[in-house]
Amino acid sequence: MTDLHRLSIRELSDGLAGAKFSSRELTEHYLKRIAKLDTQVKSYVTVTAEQALAQADAADAAIKAGTATALTGVPIAHKDIFCTQGIKTTAGSKMLDNFISPYDATVVAKGKAAGLITLGKVNMDEFAMGSTSENPFYGATKNPWNLEHVPGGSSGGSAAVVAADLAPFSTGTDTGGSIRQPASFCGLTGLKPTYGRVSRFGMIAYASSMDQGGPMARSAEDCAYLMNVMAGHDAKDSTSIEKDVDDYVANLNGTAIQGLRIGIPKQYFNVAGLDADVKARVEESLKKLEEMGATLVEIDLNMTEAYVPTYYLIAPAEASSNLSRYDGVRYGYRAENPVDLMDLYKRSRSEGFGAEVQRRILIGTYALSAGYYDAYYVKAQKVRRLIQQDFLKAFESVDVITAPAAPTTAYKIGANLSPVEMYLGDIYTIAVNLAGLPAINAPVGFDKDNLPVGLQLIGNYWSESQLLSVVHQYQQATDWHTKRAAIAEENA
Ligand code: GLN
């Protein structure tokens, strides 16, 4: 079969179970596409062909033996932030260019246990700090819809591989929008789960109180399959929650759009910098949901102006603490010929980290330093609580809240926005992480340059099934999620 890459996860699962094709054929098909097309997209940092084929053979044996799960034999790409035993894990940094993890992240281990085939590790912004995946060490990943544009970030590689059909789905992480914004820029569905729903064990830390892994795929249904694997309590992550996991696939039709109250925050649609095409596509998608029976309710989220300053204090503060472990001594990059210990620390960190990571370490260290701690860090934590309360109040009168995923479509590669301009692009995603809520992006059309636009739906805590279900039903009634970039149409 030449078009295996066009099949949904459900079709792949059925096809493998029904022996229409083998996992080896499917895996070889993807490896061939990667070899031919990733020279243009540049999404993979590491391709693990040999291991993938060995896993595929084991999957084929399991299918024959009747011990397969729904996903046995289906390939996946992992963001290079998830530790993979025996395979390099860089987190997009020169600091970890030589790092081979001795263990698997829980998300990776669960994927293996479910029979998923790891095709490789994909590019990202360094340590997940950024919005473009223009990586200073591993190069810029391209947006499959237009190779002169970025795929978004930080999970830009995870988005690009799916949009170019170089993997059927992928893992991403979202600390401030890094699943939703690249999903939006690449025309995909991506789910950021409630904080604590997916284990962070073995996921390289950026801002630990907000980091959360989640699925990126073409449709809500495909995401649901991966959520069934990723979600759950993990004794190795004390912030993961002991709460029953839904069957996200079985629940896909569980929430009625009829009568669903969708909150539209007044403040969100007056943001300076909201692109007219983005606004129009989002409004059209809301109209469609209204036609399907939802009620649109205008709401207030009064803390909107505080989102960017609050996030850009707390995230760098946590990052400066998390990244202090990269000292050139224990593991990772080490500067050559140090004259003394201080020189080793200084040069290892100056040479091993890129500019944006260094900027955030400096901001965070400043905000946490004696004399500034109360004025910046503690104050930001208080504002964070107010932002959370703002959402909780809104959820008293609505079921879900809507927003664009990003104020614009994908930037041009090399656009070189100033840090503040770049940070302002996160306005619609970061409050969700500050509050720990789940949210989903769904593709809802294109701008005048044929770049995808995304709709974001924010849910109350633990409402992943509801979000997937609403998007699934929207996707049954529309076809935006089936559109493919030209490069995805190419055969290998
Ligand atoms: N763009 C945001 C940042 O740079 C979000 C990143 C993320 O979610 N990892 O912090």
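Indexing begins at 1, ligand by ligand and atom by atom, following the structure's order.
Near A128, meaning under 4.0 Å from any of its heavy atoms, are these atoms of ligand 1: 6 (C), 7 (C), 9 (N). The distance from ligand 1 to the heavy atoms of S131 drops below 4.0 Å at these ligand atoms: 1 (N). Residue contact check: T175 has heavy atoms under 4.0 Å from atoms 7 (C), 8 (O), 9 (N) of ligand 1. Using a 4.0 Å cut-off to heavy atoms of Y206, the atoms of ligand 1 that qualify are 3 (C), 9 (N), 10 (O). Ligand-side atoms of ligand 1 in range of M129: 4 (O), range being under 4.0 angstrom from any heavy atom. Less than 4.0 angstrom separates some heavy atom of G176 from each of these atoms of ligand 1: 5 (C), 7 (C), 8 (O). Close contacts of ligand 1 with S154, meaning ligand atoms under 4.0 Å from a residue heavy atom, involve 9 (N).
Taking the six-membered ring where tryptophan is involved, the planes of Y423 and Y312 are essentially parallel, since the angle between them stays under 30° and well short of 60°.
No side-chain donor from either of S219 and T189 sits under 3.5 Å from a side-chain acceptor of the other. When only modelled atom types and interatomic distance are considered, N302 and Q267 share a side-chain donor-acceptor pair under 3.5 Å. At a cut-off of 3.5 Å, with distance as the only test, a side-chain donor of Y206 or R360 sits close to an acceptor on the other residue. T173 and K79 share a donor-acceptor pair across their side chains, judged by distance under 3.5 Å alone. Counting only N and O atoms by type, the side chains of Y225 and E221 include no donor and acceptor under 3.5 Å apart.
Comparing heavy-atom distances from atom 5 (C) of ligand 1 across Y311, Y312, F127 singles out Y311 as nearest.
Of the listed residues (R197, R180, R200), just one forms a salt bridge (charged side-chain N to carboxylate O under 4.0 Å, His left out) with D174, and that residue is R180. Checking each of D38, N123, D125 against T141 for a side-chain hydrogen bond (donor to acceptor under 3.5 Å, both in side chains) leaves exactly one that passes, namely N123.
Close N/O approach between S178 and ligand 1 is found [any backbone or side-chain N/O within under 3.5 Å]. Taking distance alone, with nitrogen or oxygen atoms compared against 3.5 Å, G153 stays at or beyond that limit from ligand 1.
Look at G177 and you'll find a heavy atom under 4.0 Å from some atom of ligand 1. Ligand 1 has at least one atom lying under 4.0 Å from a heavy atom of R360.
In terms of protein heavy-atom proximity, atom 2 (C) of ligand 1 is nearest to D426 OD2, 3.2 Å.
A ring-centre distance under 6.0 Å is found for F127 and Y326.
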